[in-house]
Q: 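Structure in structure tokens, see below.
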Amino acid sequence: MTPEQFVAGLPKAELHMHIEGSIEPAQFLRLAQRNGVAIRWQTQEELRAAYSFTNLQDFLDLYYDGCRVLVQPQDFHDVTRDYLRRALADHVLHAEMFLGVQGHTSRGVPLTAVMEGVLSAMEAARVEDAISSGVIVVVQRHRSEHEALALLDALRPWYDRLLGFGLGGAEMGNPPSKFSVFFRRCRERGFNVVAHAGEEGPAAYVREAVELLQVQRLDHGNACLDDPALVAQLAQARIPLTVCPLSNLKLRLVPSLAAHPLRKLMDAGLCVTVNSDDPSYFGGYVNENYLACQRALGLERDDMVSLALNSFEAAFITREQRLAAFRAIDAWVAHSEQEAVA
Ligand code: ADE
Ligand code: ZN
């Protein structure tokens with residue numbers, strides 16, 4: 001079995017992807033036309049050529065602008081449903097998706113349109129494909145904590161269908177401490193909490209996310225390696241990192257995948273997972289992220305199994321779901337070993 005075949009059949013969870021980052025060029029053009037939204041690009045090739053970034057802010061400018069093609073509940077439904085189909089094709093059994101609600105409501109799109117569009121697609125995917133999914137609302141850190149608190153209240157009608165809250169957007173100059181009251185309130189209301197930290201920002205931001213915000217997972221978290229005491233603390237508490245290798249490459253946070261810290265993070269005993277972040281912008285869905293790392297860093301089959309096991313350890317799922325996923329991984333490994341003997 002080739003690494004490609006092994007990764008293709010390996011059951012996994014994806015825990016760090018943004019729904020708005022999964023609009024494929026063809027769909028982007030269709031949505032712009034359907035909603036009469038003027039855009040700068042005419043063809044898929046022009047769009048792909050625009051996906052070249054110098055840093056996180058450079059990407060976010062294009063990404064937020066691209067969100068304008070999402071207007072109707074059906075748009076949010078279609079984008080979410082399409083991502084979940086691609087996830088299923090990558091043998092993702094469970095997906096936790098970020099939704100940047102403020103990027104839509106700030107343009108005048110009703111909260112109901114965003115939420116009902118996404119939630120109806122998740123339900124359709126569960127019924128039609130037996131894929132489980134959850135949605136994590138990610139607040140934009142360049143906005144105020146006051147706005148985040150107002151959003152938390154406005155989302156009350158959907159509380160029982162929300163998995164949790166996260167923090168995303170422009171990291172530098174917007175430390176986790178800016179949102180300490182918001183995160184405390186999310187925790188008080190029983191939500192899971194995660195935060196992007198240590199993507200572009202320093203180890204001190206990772207520490208703040210853990211100690212002040214008390215996040216259950218770190219999105220990216222790469223910069224923790226600059227603080228050995230913090231690494232030990234994360235390993236001891238088994239706070240998972242949702243690492244996104246192709247994203248880090250495209251946003252020039254690493255010069256090459258061979259220089260990516262994934263292996264160092266794993267060797268430090270951390271609960272590391274591999275994810276796609278914004279797959280249509282960064283050149284690959286979750287399997288492509290596994291494989292690109294396998295090639296660049298020489299990951300062994302056991303490493304890929306560890307990453308998949310970690311993804312279910314880190315997921316916000318029930319004990320039954322977790323055990324079923326572990327059994328599915330064991331079965332796939334046994335199958336691959338039988339093939340090797342035969
Ligand atoms: N929103 C979408 N992608 C993001 C990223 N890589 N970092 C922070 N916020 C994001
Ligand atoms: Zn992200």
Side-chain angles (χ1 to χ4, degrees), residues 13-24 28 50-70 79-80 83 87 95-104 106 114 118 134-143 148 151 163-176 178-179 192-202 205-206 208-209 213 215-223 240-254 260-262 272-286 289 311 314:
E14 176 153 50
L15 307 177
H16 182 160
M17 65 77 59
H18 301 257
I19 292 175
E20 298 89 343
S22 71
I23 312 174
E24 285 292 329
F28 186 87
Y51 296 171
S52 166
F53 311 106
T54 51
N55 57 31
L56 175 58
Q57 189 61 57
D58 186 36
F59 159 69
L60 289 171
D61 291 343
L62 186 92
Y63 171 85
Y64 292 143
D65 187 52
C67 287
R68 290 184 303 119
V69 301
L70 299 170
V79 170
T80 307
Y83 161 70
E96 297 180 5
M97 308 174 292
F98 289 132
L99 179 61
V101 172
Q102 290 161 314
H104 312 300
S106 64
V114 181
V118 168
V135 63
I136 298 176
V137 170
V138 64
V139 301
Q140 296 177 338
R141 65 203 307 156
H142 69 278
R143 296 179 190 274
L151 176 63
L163 202 53
F165 285 85
L167 184 63
E171 189 177 4
M172 294 308 285
N174 296 299
K178 183 176 163 186
F179 291 89
N192 296 304
V193 288
V194 300
H196 284 59
E199 178 186 19
E200 231 180 32
Y205 283 19
V206 179
E208 276 189 11
L213 306 189
V215 295
Q216 291 148 275
R217 287 197 308 244
L218 289 159
D219 296 314
H220 299 289
N222 301 13
L241 271 62
T242 63
V243 175
C244 305
L246 288 174
S247 163
N248 297 154
L249 181 67
K250 282 291 258 184
L251 298 185
R252 306 199 191 185
L253 294 161
V254 290
H260 194 280
L262 180 77
V272 179
T273 67
V274 162
N275 309 271
S276 69
D277 207 3
D278 300 287
S280 64
Y281 289 95
F282 299 150
Y285 285 78
V286 65
N289 274 270
S311 73

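Counting convention: from 1, in listed order, for ligands and their atoms alike. Everything numeric in this text was worked out from a predicted model, so none of it was measured.
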Q: How many protein N, O or S atoms sit closer than 2.8 Å to the Zn ion (ligand 2)?
A: 4

Q: Any side-chain heavy atom of Val194 within less than 4.5 Å of one from Thr242?
A: no

Q: Nearest heavy-atom pair of Ile136 and Phe165: which atoms, and what distance?
A: CG2-C, 3.6 Å

Q: If I take atom CD from residue Gln102 and atom CZ from residue Arg141, how far apart are they, to the nearest 0.5 angstrom?
A: 12.5 Å

Q: Contact between His260 and Asn222 at the side-chain level, heavy atoms closer than 4.5 Å - yes or no?
A: yes

Q: Out of Tyr281, Phe28, Tyr63, which residue meets the ring-ring contact (aromatic ring centres under 6.0 Å, His included) rule with Tyr51?
A: Tyr281

Q: So which atom in His18 and which in Val138 form the shortest heavy-atom distance, rounded to 0.1 Å?
A: ND1-CG1, 4.4 Å

Q: Tell me, which residues have any heavy atom less than 4.0 Å from some atom of ligand 1?
A: His18, Leu56, Phe59, Leu60, Tyr63, Gly168, Gly169, His196, Glu199, His220, Asp277, Asp278

Q: Would you say that Gln140 contacts Ser106 through its side chain, given a criterion of any heavy-atom pair below 4.5 Å between the two side chains?
A: no

Q: Do Ser22 and Val79 make a side-chain contact, defined as non-hydrogen atoms from C-beta onward lying under 4.5 Å apart?
A: yes

Q: In this structure, is the centre-to-centre distance between the rings of Phe98 and His196 below 6.0 Å?
A: yes

